[in-house]
Amino acid sequence: MRKIYIFDTTLRDGEQSPGVNLNTQEKVEIALQLERLAVDRIEAGFPAASPGDLAAVNAVARAVKNSTIIGLSRSREQDIDAAWEALKDAEDPCLHLFLASSPIHRKYKLRMEKHQVLETAEAAIKYASRYFSKIEFSPEDAGRTELDFLCEVTEMAIRAGATVVNIPDTVGYLTPSEFGNIFKTLKQQVPGIEKIQLSAHCHDDLGMATANALAAVLNGADQIEGTINGIGERAGNTALEEVAMALETRQDFFQAKTGLVLSEIARTSRLVSKLTGMVVPGNKAIVGANAFAHESGIHQDGMLKEKTTYEIISPETIGLKESKLVLGKHSGRHAFREKLVDLGYELNEEGVNAAFAKFKDLADKKKEVTDEDIRALLEEKIVSTPEMFALETIQVSYGNQSVPTATVRIRTLDGQTLDEVAIGNGSVDAIYKAIDKVTKEEVELDDYSIKSVSHGKDALGEVHVVLKQNGLSMKGRGISTDILEASAKAYIHAVNRLIDKRSNQTANRNNVSLI
Ligand code: KIV
Ligand code: ZN
C-alpha cells in the first residue's frame, strides 16, 4: 500500500481564515494534537510576517518532536533568514518557499517575465540550502500556469535542491481531471522527478478540493496538504480528515493510505473548532454533528438490522465512542474518573479535582450530564488567555413591555471588582453595553451565534462572537446552561484575546501580503 504523506497547514493557511487569530499557546496546543494525530508535516506559520508569528513558529518547533515542522517563506533572503531563526530548534525543520508562476500573477502581481520567476526561485532555493536540508517549493497558482512552464519550474526546483515540489490550486479553479493531469504530466515529462516528492495543495472555491486532492493521489502525488475541518482562506482548503477517511474507506480503489491515527480525528476537529471559533457545520463530511446520525425511519430500521446498510464508516474509527456510562448529580468521583479515561483525557489529581467540581456544578443544573457536556467543560479552558477581565455575576431584567437592563460585576486582573449597569435594545445588547463600560474597549460586534452543546431543554448553550477593533477581528467563546451568561463569557473572552493580541504586537500580521 503506497503511503501518502500528510502536510497540515491549519496553523498557516487555516489561520488565514477571516477572523481567526491564534495566539502562541493555542498554536502549540493544536500542534501537539496534530502530533498525536500523527501528521507527518506541520506548517506552523509564516515567520517573516511579524515577530509574533516568528515566536509562535519557534514555540511549535520546540514543542513538537515527532512531526516535521515547516515555516512558509517568500522567495526572499530576509524571509528565509526569519524562517531559519524560527525553525532552527526543531527536531526536523523544513522550509516552504513559494513564488507565483501563473501568467496572471506574473503580469499583475510580480511584474516578472518567466525567466525572472525561474531565476528568483532558483536563487531562493539555493540560498535556503545553506540552512535547510528539506525544502518544499510551491509555484503559487500552479493550477492556472501553462503546463509546459510548470514543467520547467519543477525541473529548475529539482536541480536547485528542492526535496518536495508542491502544486497549489491557489484559487480552487481546477476540476479533478485537470488537476490529476498536471501530476501525470509532471511525472512523465520532468527529468529527475523520481528524486523528489510531489505534493497537492487545493482550495475549495468550487467545492472540489477533496476530489482534486484525491485525483492527485491517483496520478502519483506523494503528499496532500490541507487543514483540519477544511478551514482556510475564502472557501477553505482540502479537509484532511476527508482525504484520510476516503483513502481508508476506499483502499480497494486508491491503493494508498495515510499514517494518521484515525481515532484522533474527532478530538482534533473539536480542538481546532474551539480554538479558531470556526463552527463545524452539522452536515460536514466525517466530523459534522450529523455525519453519523440517521433520521429517517427506513434508515433507522436498516441500521438496527445491520449497521452497514447505511453506515460506511463506524463512528469509533474517528474516535467517537458510544457512551455506556451516563452521569448525573449522584455520580461520584470514581464514575467521573472512569468517564474521563473513557473519553481519552489524562488529567493529574489537581486536574481531576477541578473538573469534578465543575461537573458537580453542572449536575446541579442539569439532570443528565452527557459526554459532550463533559468535553465542553474540560475544553473550556485548555488554553488560557490572560484574563484581564473575568465575569463574576450578571443580572438581567427583561420584560417584553420594558427596557432590558443588565448589571454586571467583573473582576480585573489586579483583583478589583467593578460593577456597571446599562440598558439596551435586548438583553444581550444591554449586557454587552455594561461590559463595554467596564472594559472601556471600543469594539464592534461583528458576529454572534449560539448553539446547544447537547440535547434537551437543559442543554449547555455555546455562544460564539466575533469582535472587531481597528481592523483586527477576534473570536470568543462561552458556555453555560444559561445563554445570557454564555453570551457574556464569549464577549469577555474575545475582549481578553484582543488585549492579549495587542500586547503581543502581532496585530500587523495580516498586513503582510503573500507576494
Ligand atoms: O494556496 C497557495 O497557493 C498557498 C501557497 C503559499 C502554497 O497557500
Ligand atoms: Zn493555500
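Throughout, numbering of the chain's residues begins at 1 and tracks the sequence.
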- [ ] Please step through salt bridge (Lys or Arg N to Asp or Glu O under 4.0 Å) for the pair E113 and K107, ending with a clear verdict.
- [x] CA-CA 8 Å; E113 298 296 329; K107 181 169 176 195; over 6 Å; no
- [ ] Please test D500 against R497 for salt bridge (Lys or Arg N to Asp or Glu O under 4.0 Å), starting from the C-alpha separation and ending with a verdict.
- [x] CA-CA 5 Å; D500 187 44; R497 298 188 71 209; over 6 Å; no
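Few gaps surround CZ on R234; more than 12 heavy atoms of other groups in view lie less than 6.0 Å from it. In this structure, Y173 places its OH atom where only 12 or fewer heavy-atom neighbours from other residues, nucleotides or ligands lie under 6.0 Å away. Environment of CG in N470: sparse, with no more than 12 heavy atoms of neighbouring residues, nucleotides or ligands closer than 6.0 Å. Other residues, nucleotides and ligands place more than 12 heavy atoms under 6.0 Å from the NZ atom of K3.
Within the cation-pi definition used here (under 6.0 Å to the ring centroid, within 45° of the axis), K489 does not qualify as a partner of Y491. Relative to the ring axis of F149, K114 places its NZ or CZ within 45° and under 6.0 Å from the centre. Figure legend: R12 and F46 shown without cation-pi pairing, the cationic atom not lying both under 6.0 angstrom from the six-membered ring centre and within 45 degrees of its axis.
Distance CZ/R111 to NE2/H105: 13.0 Å, rounded to 0.5 Å. Rounded to the nearest 0.5 angstrom, T170 OG1 and D205 CG are separated by 10.0 Å. Rounding to the nearest 0.5 Å gives a distance of 6.5 Å between OG1 of T276 and CD1 of I30.
Between the side chain of H493 and the backbone N or O of R477 there is at least one donor-acceptor pair closer than 3.5 Å. Looking only at distances, no side-chain donor or acceptor of T238 sits under 3.5 Å from a matching main-chain atom of G226. A donor-acceptor pair under 3.5 Å is absent between the side-chain atoms of S263 and the main chain of G319, judged by distance alone. Side-chain atoms of K257 never come within 3.5 Å of backbone atoms of F254 as a donor-acceptor pair (strictly under, hydrogens ignored). A distance-only check finds no donor-acceptor pair linking the side chain of S133 to the backbone of S129 [under 3.5 Å]. Proximity of a side-chain donor or acceptor of T10 to a complementary backbone N or O of G14 within less than 3.5 Å is not detected. Listed for the Q469 side chain is no donor-acceptor partner under 3.5 Å among the backbone atoms of V443. At distances below 3.5 Å, not a single donor-acceptor pair connects side-chain atoms of S273 with backbone N or O atoms of S269.
Judged purely by distance below 3.5 Å, without hydrogens or angles, the side chains of N290 and N283 never pair a donor atom with an acceptor atom. In this model, no donor atom of one side chain and acceptor atom of the other lie less than 3.5 Å apart for K184 and N219. Side-chain atoms of T185 and Q188 form no donor-acceptor pair, as typed in the model, at a separation below 3.5 Å. With 3.5 Å as the limit, one finds no donor-acceptor pair spanning the side chains of S67 and E35. Under 3.5 Å, the side chains of E225 and T9 contain no donor-acceptor pair of N or O atoms.
Of the candidates L240, I6, I228, I228 is the only one forming a side chain to side chain contact (heavy atoms under 4.5 Å, CB included) with L34. Among the candidates L262, N229, I313, the single residue satisfying the side chain to side chain contact (heavy atoms under 4.5 Å, CB included) test with I286 is I313. If you run side chain to side chain contact (heavy atoms under 4.5 Å, CB included) between Q197 and each of D222, T163, N166, V165, only D222 comes through.
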Would you list the atom pairs, donor with acceptor, under 3.5 Å between side chains in residues 119-127 and any protein atom, with sequence neighbours excluded?
unit_1 : atom_1 : unit_2 : atom_2 : d
E119   : OE2    : H115   : ND1    : 3.2
T120   : OG1    : Q116   : O      : 2.6
E122   : OE2    : K126   : NZ     : 2.9
Y127   : OH     : D81    : OD1    : 2.7
Y127   : OH     : D81    : OD2    : 3.3

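Salt-bridge check for K274 with E29: failed, with every basic side-chain N at 4.0 Å or more from each acidic carboxylate O.
You'll find the ring centres of H96 and F137 outside the 6.0 Å limit.
With sequence neighbours left out, F183 forms a ring-ring contact (aromatic ring centres under 6.0 Å, His included) with F179.
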